[in-house]
Amino acid sequence: MIPKDHPRYQSLVTREHLAECARAGIVSLEGLTSHGRGEAFDYLLGEKTSASALRAEKTAAALLRLAKHPVLSVNGNTAALAAHEIALLQKASGALVEVNLFHRTPERVQQIEAVLRKAGAAVFSGEAERLLPLSHDRAFCRREGMYAADVVLVPLEDGDRCEVLVGMGKKVIAVDLNPLSRTAKTATLTIVDEVTRALPRIAEACTALSDDECRSLVAGLDNRGFLAEAKDEMARRLHALD
Ligand code: PTJ
């Protein structure tokens, strides 16, 4: 039994929780491999928020604050890890919360919506239609929800949806510990940080920033710069570790 004050205790508890959520059907089996990939990148970041990620988080708050119709997209991993943090961010930003899944079944959608509601989120639910130009089930969303959104937060996902949302003229905020992923590279803004660290910081900035600060952060948004800083941070730590 690993002691509670051991540095790796929390990550073992999180792993156990995700495995339990996978057994219950909330997290897909693929979601477990996703988590492992995230853990490896987080190790390279020293499992802490970098100065660059903090700036990206403030910029994400600015995008959400200036949005007319922001949506927080939630998949199985995000619900299992950060349902409470999603509810907090919804309160701070006024965004809609909508479930969007790759491995979509009506049962999983209901289960994930229930997890979010239990954590205090108001879930935008109801009939989803195949509205996004994608050949898989991430195409399903609601006409008045994600389809109409001008800013969409997309945590823990790699694939073609981000590209499609950007192609539709939306601003996409990704939360992804892998700065090399397709989503990280195609998003309007990528936060290279662990989701449970990132979301509360975005929520905090949503209430703290002035309108002028929001406009200035968005005007200076440079996603390539954020990704380069994340890669530099990982490379620097990799060289320093033995
Ligand atoms: O719940 P579903 O059915 O929608 O399935 C979700 C999957 C697993 C298909 C979806 O999340 C996915 O496509 O996963 P990927 O391709 O592995 O991409 C997820 C990205 O998130 C990877 O680059 C991981 O490094 C990163 N990641 C994993 N855990 C975290 C994370 N980033 C931030 N915080 C984490 N805790």
Side-chain angles (χ1 to χ4, degrees), residues 10-19 21-50 53 56-57 60 72-86 89 97-116 128 132 134-141 146 152-165 172-187 189-202 226-227 230-231 234:
Q10 193 48 51
S11 67
L12 290 174
V13 171
T14 304
R15 259 184 225 171
E16 258 315 299
H17 172 65
L18 275 180
C21 288
R23 283 190 282 270
I26 292 160
V27 170
S28 63
L29 290 181
E30 292 78 358
L32 294 179
T33 65
S34 220
H35 183 71
R37 193 158 40 245
E39 277 186 339
F41 281 106
D42 205 19
Y43 189 75
L44 295 180
L45 282 176
E47 296 171 336
K48 58 181 193 295
T49 302
S50 67
E57 283 151 8
L72 314 179
S73 176
V74 178
N75 65 10
N77 284 48
T78 304
L81 289 170
H84 177 67
E85 289 82 354
I86 286 283
L89 180 55
V97 169
E98 185 174 348
V99 172
N100 178 280
L101 300 179
F102 187 75
H103 305 97
R104 186 184 182 92
T105 63
E107 295 73 29
R108 265 194 93 211
V109 173
Q110 277 176 19
Q111 272 182 301
I112 292 167
E113 289 183 349
V115 168
L116 289 164
L132 306 180
L134 290 164
S135 58
H136 50 74
D137 282 355
R138 275 191 188 132
F140 280 96
C141 66
M146 202 172 297
V152 187
L153 179 98
V154 176
L156 280 48
E157 169 177 321
D158 187 23
D160 43 8
R161 187 171 67 124
C162 176
E163 209 169 341
V164 157
L165 292 173
V172 178
I173 305 164
V175 181
D176 191 340
L177 279 159
N178 178 5
L180 305 168
S181 78
R182 188 151 49 136
T183 289
K185 287 195 249 183
T186 50
L189 168 67
T190 301
I191 298 164
V192 184
D193 198 6
E194 204 283 323
V195 69
T196 61
R197 294 197 302 267
L199 298 182
R201 289 188 165 96
I202 304 173
F226 282 128
L227 294 179
K231 284 185 278 184
M234 288 180 188

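Each ligand, and each atom within it, is numbered from 1 in the order the structure gives.
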- Query: Any sub-3.5 Å donor-acceptor pair from Gln111's side-chain atoms to Ala24's backbone N or O?
  - Reply: yes

- Task: Taking Thr183 for its side chain and Cys162 for its backbone only, find out whether a donor-acceptor pair lies under 3.5 Å.
- Result: no

- Item | Side-chain donor/acceptor of Arg161 to backbone N/O of Arg138, under 3.5 Å | no

- Distance only, no hydrogens: is a donor on one side chain within 3.5 Å (strictly under) of an acceptor on the other, for Asp176 and Ser181? yes

- Message: Could you check whether any side-chain N or O of Thr186 sits under 3.5 Å from a backbone N or O of Arg182, counting only pairs where one atom can act as donor and the other as acceptor?
- Response: yes

- When you look at Thr49 and Asp193, which way does the side-chain hydrogen bond (donor to acceptor under 3.5 Å, both in side chains) test go after all the steps? CA-CA 6 Å; Thr49 302; Asp193 198 6; 2.7 Å; yes

- Item | Close-range residues for ligand 1, whose non-hydrogen atoms fall below the 4.0 Å threshold | Ser28, Glu30, Gly31, Ser34, Arg37, Gly38, Asn75, Gly76, Leu81, Leu101, Phe102, His103, Arg108, Arg138, Leu156, Glu157, Asp158, Asp176, Leu177, Asn178, Asp193, Glu194, Val195

